[in-house]
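Small disclaimer: the values here were computed from a predicted structure and weren't measured. Side-chain atoms are counted along with the backbone in the values below, which use heavy atoms only and exclude waters and symmetry mates.
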Amino acid sequence: MTSPIRYFPAPRRARFCSQCGSTVNHRVPEDDNRERDVCDHCGAIHYQNPRMVVGTVPVWQDRILLCRRAIEPRYDTWTLPAGFMELGESTAQGAARETLEESGAKIKLGELYTIIDVPQVEQVHLFYLAECLSDELDPGPESLEARFFSEAEIPWDELSFRTVATTLERFLADRRAGALRTHHYTLESHR
């Protein structure tokens, strides 16, 4: 068995200035209202912004596509196909790319479905509706497998993230009600 791919995001605090290489200090710059990494040598202020996670709720007939993660965090758990948005792409392009990379599914991208603020991990998750154009799947290296699930088969206790579970809950409730609508909400941290 191969070991899972490990993801190490860029550190949220800088130690050195990316402009001149000098050591940075963590303080509130003049005319600002929060602490930033500031280079006192060249004056650069290094802003940190939330990371965007983009994905889809892909459906083939009445079944939902989930991928079993081959990467940390949450190795060997099920997720909707999603990942970090890349520079130079739109949220829709990123969601379609992640779906193809993680599942191999060919999709027709639909409307934005959930916008989930996750401030405790400095992320915003966006999931689009998607119609699979066939049931052919070819998962990439970030997925152990990809599979379609009926509502009754969804492995709720093995889902990777709360954003995935809450998106699926809203999707299934909307589908039962016969009206899909966009949802925007904040997931507060578990205390």
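Listed by first and then second residue, the side chain to side chain donor-acceptor pair (under 3.5 Å) pairs that reach into residues 57-66 are R63-E153, sequence neighbours excluded.
Scored by the salt bridge (Lys or Arg N to Asp or Glu O under 4.0 Å) test, E151 finds R176 as partners (sequence neighbours excluded). For the side-chain contact (heavy atoms from CB on, under 4.5 Å) test, residues two or more places apart in sequence or in another chain that qualify with E35 are H26, V28.
Side chain of T182 to main chain of L112: a donor-acceptor pair is present (N/O by atom type, distance under 3.5 Å, no hydrogens or angles). Judged by distance alone, the side chain of S160 and the main-chain N or O of W78 form a donor-acceptor pair under 3.5 Å.
Across all non-hydrogen atoms, the minimal contact from R97 to E86 is NH2-CG, 3.4 Å. Minimum interatomic distance between C39 and C42 (heavy atoms only, all atoms of both residues): SG-N, 3.4 Å. Minimum interatomic distance between H46 and C17 (heavy atoms only, all atoms of both residues): NE2-SG, 3.4 Å. A95 approaches V54 most closely through the heavy-atom pair N-CG2, 3.5 Å. Residues A82 and E102 share a closest heavy-atom pair of O-OE2, 2.7 Å. The minimum heavy-atom distance linking E89 with G94 is given by the pair OE2-CA, 3.3 Å.
R68 contributes atom CZ, which lies 13.0 Å from atom OG1 of T79 (distance to the nearest 0.5 angstrom). With rounding to the nearest 0.5 angstrom, the CG atom of L187 is 6.0 Å from the CD1 atom of I116. Between C67 atom SG and E101 atom CD the span is 11.0 Å, to the nearest 0.5 Å. The CE atom of M52 lies 10.5 Å from the CD atom of Q123; values are rounded to the nearest 0.5 Å. To the nearest 0.5 Å, atoms CG (L144) and CD1 (I71) are separated by 10.0 Å. Rounded to the nearest 0.5 Å, atoms CG (D37) and OG1 (T23) are 11.5 Å apart.
E169 CD: more than 12 foreign heavy atoms inside a 6.0 Å radius.
If you chain together hydrophobic residues whose side chains sit under 4.5 Å apart, Y128 and V59 never meet in one group. Hydrophobic clustering of Ile, Leu, Val, Met, Phe, Trp and Tyr side chains at less than 4.5 Å, counting indirect connections, keeps Y185 apart from V124. In the hydrophobic clustering of this structure, M85 does not group with V53; members are Ile, Leu, Val, Met, Phe, Trp, Tyr whose side-chain heavy atoms approach within less than 4.5 Å, directly or through other members. Under the 4.5 Å side-chain heavy-atom criterion for grouping Ile, Leu, Val, Met, Phe, Trp and Tyr, F149 is connected to V57 within one hydrophobic cluster. Hydrophobic cluster membership differs between L137 and V164, with clusters built from Ile, Leu, Val, Met, Phe, Trp and Tyr side chains linked at under 4.5 angstrom.
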Yes or no on side chain to side chain contact (heavy atoms under 4.5 Å, CB included) for L168 and F127, after CA distance, side-chain angles and deciding distance?
CA-CA 10 Å; L168 287 170; F127 287 95; over 6 Å; no

With side chain to side chain contact (heavy atoms under 4.5 Å, CB included) as the test, would you mind laying out the steps for T77 and F161 before giving the verdict?
CA-CA 9 Å; T77 58; F161 303 103; 6.0 Å; no

Would you check, one step at a time, whether the test side chain to side chain contact (heavy atoms under 4.5 Å, CB included) holds for L80 with L159?
CA-CA 9 Å; L80 291 166; L159 294 178; over 6 Å; no

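Residue H125 forms a side chain to side chain donor-acceptor pair (under 3.5 Å) with just one option from T114, T163, D117, and that option is T163. With respect to Y113, the side chain to side chain donor-acceptor pair (under 3.5 Å) criterion is satisfied by exactly one of D174, T56, T167: D174.
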